[in-house]
J.: 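Below is one structure. I have some questions about it.
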Amino acid sequence: MLIDNVKTEILTTVESACQNRFGQKPEGLKLGYPPQVELGDFTIECFPLAKQFRQNPAQIAQAIAAEIEPSESIQAVRAVGPYLNVKVYNRTLFGGVCDEIVRQGESLGRSNMGQGQRVMVEYLSPNTNKPLHLGHIRNGVLGMGVSKLLDATGHTVIKANLVNDRGVHICKSMLAWRKWGNRETPETAGIKGDHFVGEWYVRYAQEEEKHPDIEQETQIMLRKWESGDPETRKLWEMMNGWVYSGFAETYQKLGLEFDAFYYESHTYNLGKDLIQTGLDKGAFVKVADGAVIAKLPVDEFGTQRDGSQKVETLLRSDGTSVYITQDLGTAKMKFDEHQLNRSIYVVGSEQNYHFQCLFKLLDMLGLEWASGCYHLSYGMVNLPEGRMKSREGTVIDADDLIEEMIQLAADEIRGRDAEGRLSDEEIQKRAFAIGLSAIKFYLLRVRPELTINFDPKESISFDGFTGPYCQYAYARCASILRRAETEDLTSVEPDFSLLGHEEELQLIRALIQFPEVVEEAARDLSPARICNHLFTVAQTVNQFYHKHPVLAAESPPLIKARLALINASAVVIKKALALLGIETLEEM
RNA sequence: GCGCCCGUAGCUCAGCUGGAUAGAGCACCUGACUUCUAAUCAGGUGGUCGCAGGUUCGAACCCUGCCGGGCGUGCCA
């Protein structure tokens, strides 16, 4: 029997009991879970009924419980204080849930919550003048995680990367390379393309300290770029190409995928028509010096220091665009091109104000889709020494960190493979999966808005609330299932009524809750919810593992039942890890 | 000044959107490998949920005011 059907049966049973006892249907019934498994499998609070039936909740619970007879699936309904605790027969509970989960497999947790909803998730959005750092990794795994959650819940997701490929900062690395690069390339230098370009950006900064006048050359180059000077464009394309191939490598390692790339070199002129529309409508105003501004409502934006209303510039006095101009245009383009219902921007919290303005401006323009825009803001990633600062060289490079984590994982694997049975490839494969799991889980396990203090020492720990811990729980399940295949149990039928120990009940409960957790996580755009629940499942699996033998259980029907429970647990863990972008390993 | 975010055990965080005795991990003690992988498990120590009011049958959760920290705050991105 499907667990959803059991839940429905419980609700309808309680409803008809209310009908019999109080002569009316109850309103606002919610099915929940008791705090301890000994109390039952499901619970219904009677608080909301108190008003309706004009009695205290405990009496109502008593009355309803007395009205209910056991059924084929419902074993007992007991009133405990204001709660109605429901015990479902173990054969129904375990049998139904395990069958269902194993049958669903990969598609477990899929729902139609977002049916017909088209959502764009823009994330990562790097500059092409230097390599990615730890902050980008948080952005990337969050963007990817959210995309997977939306996809799993039936949304049509378009993952977009808005590349900042133009501007002074890009010209700086171009200029430095042209002056001192001696036609070197990433290939001849043996350096990954994005790092190579990043070195020239650093070189520029060094030279600028000695010769501040090169700033003027940068400005000249920027103007040449804007006027489409073929030589400058060629250099720009070549160097950006190096960066892209470098980025692609890092994306691949992190499992980041994109359906659409937007380049600011294409979008930076967008938005001017919207500014004109705003002027025509009277939403924006042109001030004396020629700049176009918007006045921001005081109730949402507060005031300036001097108490006057806040103002945002939309066009400079010389008529050129500012950043928010193109963002307005790009926002519209996204909706036009993809018929979006929602547009999510995964961008750090330092840009909260920017997005608050952007969305308000879209609203002031009267664009009805403005309310579909959402800034998924995430906190900074700090180091134990404080904030990452490029000028102080404290930025943690993404590729370096990944490499370091893989190495640490490899050391650990070698350490536990004393006899040296594992091939180098196998060690490498496992180290990669484990190292990345450690990084991703560490960055996803807390709510996005929280600042993370990235302690390298702590992040490499595989104890406790970590990705590797969850992977290990899976590997243990896989190991049992592998061994089970070598035993002849095909003719044995599982007897789920033999299950019911505390650990088994806790485990099945965690498995039952998984689809609900996926929906909540998608609703809240919070992969951290998946991390928390996944850890609960992994922890419960480990507790069960220690206390109750599977293959050495008392009888073959019990063995089969426990195998089914382990199998279902493995499916849930694998799916949860997949939603976080983490690989599972059959052996660790 | 103003806006947004954060404040729960020594540290890092959960807390199902207002319900049963506030939970995990780390750290620190004490135990468990001839038994499906000890990257594990069991037990112990540890709380004025920043403070003060308010709403409610019921508040860590909602409202108000403070305090502390972070990020921002019109022609940068």
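Letters A, B, ... are given to chains in the order of the sequence lines, protein chains preceding strands, and every chain is numbered from 1. All of these numbers come straight from a predicted model, not from anything done at the bench.
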J.: Taking the inter-plane angle between the rings of A:F465 and A:F441 on a 0 to 90° scale, is it parallel (under 30°), tilted (30 to 60°) or perpendicular (over 60°)?
T.: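 Correct class here is perpendicular.
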J.: Might you work through the ring pair (Phe, Tyr, Trp, His ring centres under 6.0 Å) test for A:H354 and A:Y323, ending with a clear yes or no?
T.: CA-CA 10 Å; A:H354 172 75; A:Y323 185 64; 5.0 Å; yes
J.: For the rings on A:Y469 and A:F535, is their centre-to-centre separation under 6.0 Å?
T.: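 Aromatic pair counts; centres sit under 6.0 Å.
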J.: We want to know whether A:N56 and A:Q59 form a side-chain donor-acceptor pair, criterion being a heavy-atom distance below 3.5 angstrom.
T.: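 Checked: A:N56/A:Q59 side chains pair up, N/O donor to acceptor below 3.5 Å.
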J.: What's the gap between B:G25 and B:A14 when it is taken at their C1' atoms, as a whole Å value?
T.: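 Comparing C1' positions in B:G25 and B:A14 gives a spacing of 10 Å.
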J.: For a quick check of understanding: with a heavy-atom distance under 4.0 Å over all strands, which category does A:N85 fall into, base, sugar-phosphate or nothing?
T.: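 Base, at least one base heavy atom under 4.0 Å.
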J.: Would you sketch RNA chain B in dot-bracket for me? Only Watson-Crick or G-U wobble pairs with both distances under 3.5 Å count, crossing pairs as [ ], other-strand pairs as |, the rest as dots.
T.: (((((((..((((.....[...)))).(((((.......))))).....(((((..]....))))))))))))....
J.: Distance alone, cut at 3.5 Å: any donor-acceptor contact between the side chains of A:S173 and A:N129?
T.: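 The answer is no; no qualifying pair exists.
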J.: How many whole angstroms separate atom CD1 of A:I530 from atom P of B:C16?
T.: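 Rounded to whole Å, this separation is 16 Å.
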J.: Could you tell me whether A:S479 contacts a base, only the sugar-phosphate backbone, or nothing, with contacts defined as non-hydrogen atoms closer than 4.0 Å?
T.: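 Base contact.
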J.: Closest approach to the side chain of A:A475, judged atom by atom: which nucleotide of B:U37, B:G19, B:U40 is it?
T.: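 Per side-chain heavy atoms of A:A475, the pick is B:U37.
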J.: Over all strands shown, is A:I566 touching base, sugar-phosphate only, or nothing at heavy-atom distances under 4.0 angstrom?
T.: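 It contacts nothing in the nucleic acid.
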J.: If the P atom of B:G43 is compared with that of B:G50, how far apart are they to the nearest Å?
T.: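 28 Å, rounded to whole Å.
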J.: Out of B:A42, B:C36, B:C71, which nucleotide sits closest to the side chain of A:Q543?
T.: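 In terms of side-chain proximity for A:Q543, the closest of B:A42, B:C36, B:C71 is B:A42.
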J.: Under 4.0 Å between a side-chain N or O of A:R430 and OP1 or OP2 of B:A39?
T.: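 It does not, given that no N or O in the side chain of A:R430 lies less than 4.0 Å from OP1 or OP2 of B:A39.
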J.: By nearest atom, which of the nucleotides B:C71, B:A14, B:U40 is closest to the A:H546 side chain?
T.: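 Of the candidates, B:U40 comes closest.
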J.: For B:G19 and A:Y33 - does any side-chain N or O of the residue sit under 4.0 Å from the phosphate oxygens OP1/OP2?
T.: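 No.
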J.: To the nearest Å, give me how far apart CD (A:Q471) and P (B:U37) are.
T.: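 Rounding to the nearest Å, CD of A:Q471 and P of B:U37 are 17 Å apart.
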J.: Please state the P separation for the pair B:G31 and B:C62 - nearest whole angstrom.
T.: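 The same atom, P, in both gives a distance of 45 Å.
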J.: Side chains of A:E504 and A:H548 only: does a donor on one sit below 3.5 Å from an acceptor on the other?
T.: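 On atom types as modelled, these side chains do not qualify, holding no pair under 3.5 Å.
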J.: Compute whether any side-chain donor of one residue and acceptor of the other, for A:N139 and A:Y378, lie under 3.5 angstrom apart.
T.: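 Looking only at side-chain atoms, A:Y378 and A:N139 do form a donor-acceptor pair, the distance falling under 3.5 Å.
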J.: For a quick test of reading the model: is some side-chain N or O of A:R483 closer than 4.0 Å to OP1 or OP2 of B:U37?
T.: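 Looking at the OP1 and OP2 atoms of B:U37, one of them is under 4.0 Å from a side-chain N or O of A:R483.
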J.: Before we go on, tell me: are the rings of A:Y83 and A:F42 under 6.0 Å apart, centre to centre?
T.: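 A:Y83 vs A:F42: aromatic centres not under 6.0 Å.
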J.: Is the ring pair A:W225/A:W236 parallel, tilted or perpendicular, if the boundaries are 30 and 60 degrees?
T.: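 Aromatic pair A:W225/A:W236 classed perpendicular.
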J.: Where the side chain of A:P35 is concerned, which of B:A14, B:A20, B:G74 is the nearest nucleotide?
T.: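 Nearest nucleotide to the side chain: B:A20.
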J.: For B:A38, does either OP1 or OP2 sit under 4.0 Å from a side-chain N or O belonging to A:Y545?
T.: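 Looking at the OP1 and OP2 atoms of B:A38, one of them is under 4.0 Å from a side-chain N or O of A:Y545.
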J.: Output the rounded distance in Å from CG (A:N352) to P (B:C6).
T.: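 In whole Å, B:C6 P and A:N352 CG are 10 Å from each other.
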J.: Assess the residue pair A:F284 and A:K295 against the criterion (side chain to side chain contact (heavy atoms under 4.5 Å, CB included)); give the C-alpha distance rounded to whole Å, side-chain angles, the decisive distance to 0.1 Å, and a yes or no.
T.: CA-CA 7 Å; A:F284 306 152; A:K295 294 184 177 175; over 6 Å; no
J.: Taking atom types as modelled, is there a side-chain donor on A:T43 or A:N85 under 3.5 Å from an acceptor on the other?
T.: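 Yes, side-chain donor-acceptor contact under 3.5 Å.
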J.: To the side chain of A:P34, which of B:A20, B:C16, B:G19 is closest?
T.: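 Of B:A20, B:C16, B:G19, B:A20 is nearest to the side chain of A:P34.
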J.: Which one, B:A77, B:G74, B:C36, comes nearest to the side chain of A:Q351?
T.: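 Shortest atom-to-atom distance from the side chain points to B:A77.
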J.: Within the structure shown, what part of the strands sits under 4.0 Å from A:I293 by heavy-atom distance: base, sugar-phosphate, or nothing?
T.: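 Base contact - A:I293 has a heavy atom under 4.0 Å of at least one base atom.
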J.: Should the side chain of A:T43 and the base of B:A20 be counted as holding a donor-acceptor pair, with the cut-off at 3.5 Å?
T.: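 Indeed there is one.
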J.: Quick check on contacts: within residues 441-448 of chain A, what sits under 4.0 Å from RNA chain B by heavy-atom distance?
T.: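 Within this stretch, A:V446, A:R447 sit under 4.0 Å of the strand.
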J.: Tell me whether the side-chain N or O atoms of A:D289 pair up with the base of B:C75 as donor and acceptor below 3.5 Å, since no angle test is needed here.
T.: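 Per atom types, the contact qualifies.
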J.: So, A:F465 and B:A24: ring centres less than 5.5 Å apart, planes less than 30° off, yes or no?
T.: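 Not stacked by the 5.5 Å and 30° rule.
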J.: Any idea how A:Y442 and A:F454 line up, ring-wise: parallel (<30°), tilted (30 to 60°), or perpendicular (>60°)?
T.: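 Correct class here is perpendicular.
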J.: Strictly below 4.0 Å: does A:R562 bring a side-chain N or O up to OP1 or OP2 of B:C36?
T.: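 No, because none of the side-chain N or O atoms of A:R562 sits under 4.0 Å from OP1 or OP2 of B:C36.
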J.: Find the distance A:E458:CD to B:C26:P and express it as a whole number of Å.
T.: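 To the nearest whole Å, that distance equals 10 Å.
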J.: As a test of reading the structure: which of B:U40, B:A20, B:G72 is closest to the side chain of A:V80, going by heavy atoms?
T.: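 Of the options given, the side chain of A:V80 lies nearest B:A20.
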J.: Calculate the interatomic distance between A:I324 atom CD1 and B:G72 atom P; express it in whole Å.
T.: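 My rounded result for the distance is 16 Å.
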J.: Check the chi torsion on B:C29 and let me know: syn if it falls within 90° of 0, anti if not.
T.: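 Anti, since the glycosidic angle lies more than 90° from 0.
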J.: Provide the distance between the two C1' atoms, one in B:U8 and one in B:C51, to the nearest whole Å.
T.: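 The answer is 14 Å between these two C1' atoms.
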J.: Please tell me whether A:Q219 and A:E215 have a donor and an acceptor in their side chains that are separated by less than 3.5 angstrom.
T.: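 Yes, a side-chain donor-acceptor pair sits under 3.5 Å.
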J.: Examine A:R166 relative to A:Y263 and say whether NZ or CZ is less than 6.0 Å from the centre of the six-membered ring and inside a 45° cone about the ring axis.
T.: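 Judged by the rule, A:R166 and A:Y263 form no cation-pi pair.
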J.: Determine the contact category for A:Y469: base if any of its heavy atoms lies under 4.0 Å from a base atom, sugar-phosphate if only primed atoms, P, OP1 or OP2 are that close, otherwise nothing.
T.: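 Since only primed, P, OP1 and OP2 atoms lie under 4.0 Å of A:Y469, the category is sugar-phosphate.
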J.: Out of B:U40, B:A77, B:C4, which has the shortest distance to the side chain of A:R476?
T.: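 Looking only at heavy atoms from C-beta outward on A:R476, the closest nucleotide is B:U40.
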J.: To the nearest Å, how far apart are A:D306 CG and B:G74 P?
T.: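 Result: 11 Å.
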J.: Within the 4.0 Å heavy-atom criterion, would you say A:D524 contacts the bases, only the backbone, or no part of the nucleic acid?
T.: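 Base contact - A:D524 has a heavy atom under 4.0 Å of at least one base atom.
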J.: State the syn/anti category of B:U17 according to its glycosidic angle, syn meaning within 90° of 0.
T.: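 B:U17: syn glycosidic orientation.
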J.: I need the CZ-C1' distance between A:R316 and B:G74, as an integer number of Å.
T.: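 So the two atoms are 12 Å apart, to the nearest Å.
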J.: Name the closest nucleotide to the A:V550 side chain, picking from B:U40, B:C36, B:U37.
T.: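 Of the candidates, B:C36 comes closest.
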J.: Which nucleotide wins on minimum distance to the side chain of A:T313, given the candidates B:C75, B:A39, B:A20?
T.: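 Selected nucleotide: B:C75.
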J.: Does a distance-only test, which skips hydrogens and angles, find a donor-acceptor pair under 3.5 Å between the side chain of A:N542 and the base of B:A39?
T.: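 Answer is no: no donor-acceptor pair is held.
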J.: CD of A:Q513 versus P of B:A14: gap in Å, rounded?
T.: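 Taking atom P of B:A14 as the reference, CD of A:Q513 is at 18 Å.
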J.: Is there a side-chain contact between A:Y472 and the phosphate of B:A39, meaning an N or O under 4.0 Å from OP1 or OP2?
T.: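 Affirmative; the distance criterion is met.
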J.: Would A:F535 count as stacking on B:A24 if stacking means ring centres less than 5.5 angstrom apart and planes tilted under 30 degrees?
T.: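 No.
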J.: Which value, in whole Å, describes the distance between the P atoms of nucleotides B:U12 and B:G69?
T.: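 Those two atoms are separated by 16 Å.
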J.: Work out how far the C1' atom of B:G47 is from that of B:C11, and round it to whole angstrom.
T.: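 The same atom, C1', in both gives a distance of 15 Å.
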J.: Pick the C1' atom in B:G23 and in B:A60, then give their distance to the nearest Å.
T.: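 Comparing C1' positions in B:G23 and B:A60 gives a spacing of 12 Å.
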J.: Work out how far the P atom of B:C6 is from that of B:U45, and round it to whole angstrom.
T.: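 Each nucleotide's P atom is 33 Å from the other's.
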